[in-house]
> 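What follows is a structure written as structure tokens; I'll ask about it next.
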Amino acid sequence: MPKVFNTTAVCIPEEHYMVDISGRLEEIKSLVDAGKYFTINRARQYGKTTTLRALYRYLQKEYYVVLLDFQTFDNDKFENGNVFSAAFINSFLRSLKRNTLSPELEDAIKNILHSTDYTDKYFSLKELFEQLSDLCAAAEKKIVLMIDEVDSASNNQVFLDFLAQLRAQYIERDIQPTFRAVILAGVYDVKNLRRKIRPDEVHKYNSPWNIAADFKVDMSFSREEIAGMLDEYEKDYHTGMDVDLLAGLIREYTSGYPFLVSRICQLLDEEISVKKEYGGKKSAWTKKGFLEAVRILLSEKNMLFESLREKLESYPELNSMLYSLLFTGKAIVYNYYETSINIATMFGFVKNENGVLEVSNRIFETWLYNLYLSSAEMQKKEIYAASLIDKNQFITNGYLNMRLVLEKFVQHFHDLYGDSDETFLEDEGRKYFLLYLRPIINGTGNYYIETQTREQKRTDIIVDYLGEQYIIEMKIWHGKEYNNRGENQLIEYLNDYHVKKGYMISFNFNRKKETGIKEITIDGKTIIEAIV
């Protein structure tokens with residue numbers, strides 16, 4: 001069977017197209033070699049399980065490796081220390097036996113099994129860790145313990161006691177045998193367990209994992225790693241794709257988020273290539289096909305977006321912070337200890353970009369804009385209703401008439417909000433243009449915000465519609481000289497995107513302003529400016 005792109009469960013090298021993570025495994029192994037205990041905390045579908053599986057194989061030459069998954073432990077197993085300890089040692093030994101064991105370790109396992117009554121209520125965490133220590137002593141190779149989905153158990157006392165025992169053995173590792181390394185993987189940082197504990201159980205929080213080393217390995221996919229995966233695909237199908245171009249686009253839109261990378265490739269391979277207008281893989285693996293894959297991705301229901309939506313509902317402070325970040329245009333200083341930023345970072349919504357908060361990737365940002373703009377509250381806005389009435393007049397022979405979009409927006413905005421104060425215009429103008437634009441391109445086109453310009457009192461919107469790109473700059477009027485600089489900056493941007501025409505929306509607060517559309521030409525480029 002040929003390989004495929006995979007976005008569900010673990011990726012298997014023999015079955016799936018994958019990036020080469022050998023460099024990442026070597027970095028993690030260096031922590032294991034140093035005897036570190038640490039956690040791999042990343043957002044949902046960030047490749048944690050696939051990495052652990054690969055690490056399991058990678059370490060086996062030098063270590064005995066035990067890989068457990070706490071999702072396979074049902075709630076009853078965490079009822080008390082006795083039940084948990086019996087379940088844990090059973091799973092531990094089953095995993096350990098998958099290694100090629102020495103006779104001495106085989107004998108140690110037999111002795112433990114013959115001498116222990118696991119139904120005895122007195123067999124609990126203390127006795128469990130004594131047996132684990134005996135196994136470590138009998139093993140001629142060091143034992144590495146890895147536990148996946150560890151946060152699925154992190155809201156109960158038994159799990160906290162288990163961590164405390166791991167910590168105690170780590171502290172006493174110079175006087176009693178114990179694991180060489182312990183790796184815990186999950187979304188929630190076990191040093192931050194209060195996020196999983198209900199308010200009435202807050203007394204359980206005691207930070208039992210303060211021995212953990214920092215895990216700084218970058219698990220996002222680089223452009224070069226994505227290109228390597230595409231090269232492997234290209235050897236199988238000979239599409240003639242521009243690997244460097246597509247790898248760059250995928251990285252640019254996803255920032256290397258593993259699920260998003262794989263899903264875009266999967267859509268190109270399985271859905272875009274069979275569409276009538278593409279007629280095969282050669283036409284699909286192009287920039288046009290890529291943009292179509294992005295459009296489908298942003299409109300589909302998938303596990304990752306479902307998880308993000310659930311987090312927004314569960315954490316109102318997270319929702320409020322992201323809404324403000326997207327629509328006010330004001331920079332937010334990155335501070336991990338601020339609750340909403342801490343939560344947003346843990347769930348993968350945001351990142352620290354030179355001390356300033358940014359949404360993690362272009363896909364997430366556009367998905368969030370779409371989510372907020374499609375809310376019932378937003379769709380009650382008069383500007384949205386105006387767009388629904390107007391939208392059929394903007395498409396001519398398959399092309400989007402962006403000049404007409406700006407003309408109609410200026411007209412409606414002036415009629416509806418012309419008497420509003422300056423604060424309203426500055427805070428709401430950007431949002432209302434996106435609200436007007438979205439129904440016009442929805443289902444066929446897509447858009448994203450150029451985040452690098454948001455802090456400079458201007459916002460650049462890139463609209464993709466049937467292979468054509470439209471560059472729109474939105475800014476606040478700060479005088480003619482400032483406006484001229486903005487025009488020149490837009491010209492530079494048009495050069496970067498290799499397009500001849502750009503668009504500008506200026507929100508002008510002067511009482512004597514003249515609203516409407518004007519057209520200027522600079523260095524052979526045309527700018528159509530709408531003054532609101």
Side-chain angles (χ1 to χ4, degrees), residues 295 327 329 366 369-370 372-375 377-422 424-450 458-477 483 486-487 490 493-494 499-521 525-532:
R295 187 192 66 78
F327 288 116
T366 306
Y369 272 116
N370 288 345
Y372 290 131
L373 292 172
S374 61
S375 69
E377 178 185 359
M378 285 288 193
Q379 294 188 22
K380 292 178 183 177
K381 302 290 187 183
E382 292 172 298
I383 195 77
Y384 181 82
S387 177
L388 291 176
I389 295 171
D390 292 345
K391 69 175 187 176
N392 292 329
Q393 63 185 288
F394 298 119
I395 311 301
T396 305
N397 298 323
Y399 288 93
L400 176 63
N401 187 338
M402 185 59 73
R403 178 181 183 131
L404 184 58
V405 172
L406 266 58
E407 288 177 353
K408 289 292 186 179
F409 173 72
V410 170
Q411 175 187 324
H412 290 305
F413 196 88
H414 180 74
D415 291 344
L416 294 171
Y417 312 113
D419 295 331
S420 301
D421 60 26
E422 179 175 327
F424 170 85
L425 291 173
E426 184 164 359
D427 290 346
E428 304 295 320
R430 296 180 177 98
K431 178 170 65 181
Y432 281 8
F433 177 71
L434 291 175
L435 191 59
Y436 186 77
L437 174 68
R438 188 165 181 265
I440 297 169
I441 65 172
N442 193 36
T444 304
N446 200 20
Y447 67 94
Y448 66 86
I449 310 301
E450 179 52 70
R458 46 188 272 262
T459 300
D460 289 321
I461 303 173
I462 316 299
V463 177
D464 296 312
Y465 194 89
L466 294 178
E468 296 290 325
Q469 289 193 308
Y470 303 83
I471 316 300
I472 308 165
E473 179 180 307
M474 292 190 294
K475 63 183 181 61
I476 307 300
W477 178 274
N483 193 64
E487 292 169 348
L490 179 56
Y493 217 46
L494 297 179
V499 295
K500 295 181 178 180
K501 183 181 295 185
Y503 304 85
M504 181 179 290
I505 302 175
S506 298
F507 293 95
N508 192 329
F509 307 134
N510 295 338
R511 294 296 179 186
K512 297 181 180 180
K513 67 185 177 185
E514 292 185 9
T515 61
I517 300 288
K518 68 176 183 178
E519 183 174 316
I520 60 174
T521 301
K525 304 287 186 181
T526 299
I527 296 178
I528 296 173
E529 182 172 0
I531 300 174
V532 181

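Note that the structure is predicted; figures quoted are calculated from it, not measured. For the numbers below, each heavy atom of this structure counts, side chains included, while hydrogens, waters and symmetry mates do not.
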> Please report the closest heavy-atom contact between Leu435 and Met378, naming both atoms and the distance.
CD2-O, 3.7 Å
> Please give me the minimum heavy-atom distance between Met474 and Ile461, naming the atom from each residue.
CE-CD1, 3.2 Å
> Is the side chain of Glu473 donor-acceptor paired with the backbone N or O of Asp460 at a distance under 3.5 Å, no angle test?
no
> Can you label the angle between the Tyr372 ring and the Phe327 ring as parallel, tilted or perpendicular, going by 30° and 60°?
perpendicular
> Does CD in Glu382 sit with more than 12 non-hydrogen atoms of other residues, nucleotides or ligands closer than 6.0 Å?
no
> Could you report the tightest heavy-atom contact between Leu494 and Thr526, atom names first, then the distance?
CD1-O, 4.2 Å
> Does Ser506 have any side-chain hydrogen bond (donor to acceptor under 3.5 Å, both in side chains) partners at least two apart in sequence or in another chain, and if so, which?
Lys475, Glu529
> Any non-hydrogen side-chain atom of Glu468 less than 4.5 Å from a side-chain atom of Leu400?
no
> Taking all atoms of both residues into account, what is the closest heavy-atom pair of Leu416 and Ile383, and its distance?
CD1-N, 3.8 Å
> Any chance you could measure Ile471, atom CD1, to Met504, atom CE, to the nearest 0.5 Å?
12.5 Å
> Please name all residues satisfying ring-ring contact (aromatic ring centres under 6.0 Å, His included) with Tyr448, sequence neighbours left out, ordered by chain then number.
Tyr253
> Could you give all pairs that pass the ring-ring contact (aromatic ring centres under 6.0 Å, His included) test and reach residues 379-411, with sequence neighbours left out?
Phe409-Phe413, Phe409-Phe433, Phe409-Tyr436
> Can you pull the salt bridge (charged side-chain N to carboxylate O under 4.0 Å, His left out) pairs that have at least one residue in residues 397-413, sequence neighbours excluded?
Arg403-Glu407, Arg403-Glu519
> Just how far is it from atom OH of Tyr369 to atom CD1 of Ile449, taken to the nearest 0.5 Å?
4.5 Å
> Can you name the ring-ring contact (aromatic ring centres under 6.0 Å, His included) partners of Tyr470, sequence neighbours left out?
none
> Is the number of heavy atoms from other residues, nucleotides or ligands within 6.0 Å of NZ (Lys501) greater than 12?
no
> Tell me, with the steps shown, if Asp390 and His412 meet side chain to side chain contact (heavy atoms under 4.5 Å, CB included).
CA-CA 10 Å; Asp390 292 345; His412 290 305; 2.5 Å; yes
> Please find the pair of heavy atoms, one from Arg438 and one from Ser374, that lie closest to each other, and give the distance.
NH1-CB, 3.6 Å
> To the nearest 0.5 Å, what is the distance between CD1 (Ile395) and CG (Leu466)?
7.5 Å
> Could you pull out the closest heavy-atom pair between Ile517 and Ala530, with the gap in Å?
CD1-CB, 3.4 Å
> Show which side-chain atoms of residues 440-447 pair as donor or acceptor with protein atoms under 3.5 Å away, not counting sequence neighbours.
unit_1, atom_1, unit_2, atom_2, d
Tyr447, OH, Asn370, OD1, 2.8

> How many angstroms lie between atom CG of Leu406 and atom CD1 of Ile531, to the nearest 0.5 angstrom?
11.5 Å
